Amino acid sequence: MRTAISPLHLRHPRTLRDALRLLRAEGPLVPLAGCTDVYVGLNFGTLGDTRFLDIWHLDGLRGIERREGVLRIGALTTYTDIIASPLVGRHLPMLVSAAREIGAIQIQNRGTIGGNIANGSPAGDTLPVLAASDALVELQSVDWTRKVPFASFYTGYRKTVMRPDELITAIEIPRVEGVQFFRKVGTRAAQSISKVVIAGVRAVHPRISFGSVAPTVIRVPQTEAALASGASMPEAQRILQTEIAPIDDNRSTSAYRRRVAANLLADFWATTA
């Protein structure tokens with residue numbers, strides 16, 4: 001009997017080295033771990049890929065540590081791991097807030113931060129946090145390891161600079177100075193994709209990132225500069241409208257997203273004052 005998964009080709013590397021070799025020798029293969037997005041694609045018949053690399057059991061890609069002043073999170077670290085981590089709670093509480101609003105507990109137990117980044121949805125809940133905290137994405141291949149600034153990682157809608165023979169192995173976040181803020185607006189508090197999501201750091205030079213208002217998660221540097229120079233909130237909100245480009249889709253309208261983004265900016269500034 002054939003099922004929805006019958007046509008799928010799945011490789012099971014035992015080590016990270018094996019995984020990287022398979023990507024080089026047999027790629028392109030789609031890495032998968034928690035499968036929370038793959039299952040959705042299977043159910044809705046939107047899954048275009050049929051060749052996968054199962055990396056879920058590569059435990060070396062899990063874990064959270066503080067190394068030389070940098071918070072390092074393995075790519076296979078789950079949202080549940082992030083929520084429970086005292087290190088993340090102390091140094092990057094806005095990431096804990098984001099992880100708590102991703103799906104139900106079942107999704108939080110399976111979904112990984114690396115998967116959220118690789119999936120590249122502009123509505124990904126952890127992505128504004130990583131953008132606002134100037135994170136680095138660590139990529140490995142058989143021959144090299146490189147670290148890409150998060151702000152440079154995406155090149156378009158679900159497009160990244162990651163090469164077909166590379167894996168996301170970790171995320172590194174430098175020390176974040178300032179008051180952190182995260183807020184997601186969706187149909188419900190959780191278990192729904194965001195209509196608009198914001199992460200911000202209130203400091204001398206504020207850092208603000210939005211999701212679901214452009215083809216990728218974006219920083220809003222002109223709005224940041226306006227607030228840093230003492231602009232009024234209406235002026236900052238006016239500038240924000242020139243930096244975002246939300247669309248109409250089945251979750252919301254462009255006009256609604258523009259209004260909500262402006263309100264979230266004001267909420268961020270008032271809450272962190």
Side-chain angles (χ1 to χ4, degrees), residues 31-38 40 61-65 70-85 87-139 147-154 157-158 160 162 167-174 176 180-186 189-201 207-220 264 268:
L32 58 83
C35 297
T36 52
D37 290 313
V38 172
V40 174
L61 298 184
R62 290 190 170 82
I64 300 166
E65 62 178 332
V70 171
L71 184 66
R72 181 181 171 86
I73 304 176
L76 296 187
T77 302
T78 66
Y79 305 122
T80 296
D81 295 331
I82 289 169
I83 293 167
S85 168
L87 267 179
V88 181
R90 188 160 57 249
H91 297 288
L92 202 62
M94 59 181 172
L95 183 58
V96 175
S97 298
R100 282 185 174 140
E101 297 200 24
I102 296 176
I105 290 176
Q106 296 92 328
I107 297 295
Q108 293 170 5
N109 286 341
R110 291 289 303 191
T112 66
I113 190 168
N116 205 213
I117 295 169
N119 188 38
S121 166
D125 291 320
T126 68
L127 308 189
V129 173
L130 300 177
S133 56
D134 288 334
L136 296 172
V137 182
E138 182 183 273
L139 301 171
K147 296 177 182 177
V148 178
F150 194 82
S152 306
F153 186 70
Y154 296 109
Y157 179 70
R158 294 183 184 271
T160 76
M162 188 166 63
L167 273 179
I168 298 173
T169 48
I171 316 303
E172 292 189 348
I173 300 109
V176 176
Q180 301 177 28
F181 178 86
F182 174 86
R183 179 83 184 277
K184 167 183 174 179
V185 173
Q191 302 186 49
S192 64
I193 301 172
S194 66
K195 295 183 176 183
V196 181
V197 56
I198 181 177
V201 178
R207 303 199 296 270
I208 305 165
S209 181
F210 281 92
S212 289
V213 296
T216 68
V217 166
I218 59 168
R219 287 277 293 271
V220 286
L264 289 177
F268 159 62

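Note that the structure is a prediction, hence the values are computed from the model and not measured.
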Mutual orientation of the aromatic rings belonging to Y154 and F150 [parallel < 30°, tilted 30-60°, perpendicular > 60°]: perpendicular

Contact check, side chains of I168 and L139, non-hydrogen atoms, under 4.5 Å: yes

Interatomic spacing from CG in L130 to CD1 in I73 - rounded to 0.5 Å: 7.5 Å

Test item: side-chain donor near acceptor, T169 and E138, under 3.5 Å: yes

F268 CZ to I208 CD1 distance, which is reported to the nearest 0.5 Å: 5.0 Å

For E172, salt bridge (charged side-chain N to carboxylate O under 4.0 Å, His left out) partners two or more places apart: R72, K147

Qualifying residues under salt bridge (charged side-chain N to carboxylate O under 4.0 Å, His left out), relative to D134, sequence neighbours excluded: R207, R219

Pairs under 3.5 angstrom only: tabulate donor-acceptor contacts from the side chains of residues 90-97 to other protein residues two or more places apart or in another chain.
| unit_1 | atom_1 | unit_2 | atom_2 | d |
| --- | --- | --- | --- | --- |
| S97 | OG | P93 | O | 3.3 |

D125/K184 ion pair, N-O < 4.0 Å: yes

4.5 Å side-chain heavy-atom contact, S209 and I218: no

Side chain to side chain, N119 and R158, heavy atoms closer than 4.5 Å: yes

Point-to-point distance, once rounded to the nearest 0.5 Å, from CD1 of I107 to OG1 of T80: 10.5 Å

Partner of V213 under side-chain contact (heavy atoms from CB on, under 4.5 Å), chosen from V197, V220, V196: V196

Distance (rounded to the nearest 0.5 Å) between T36 OG1 and N109 CG: 11.5 Å

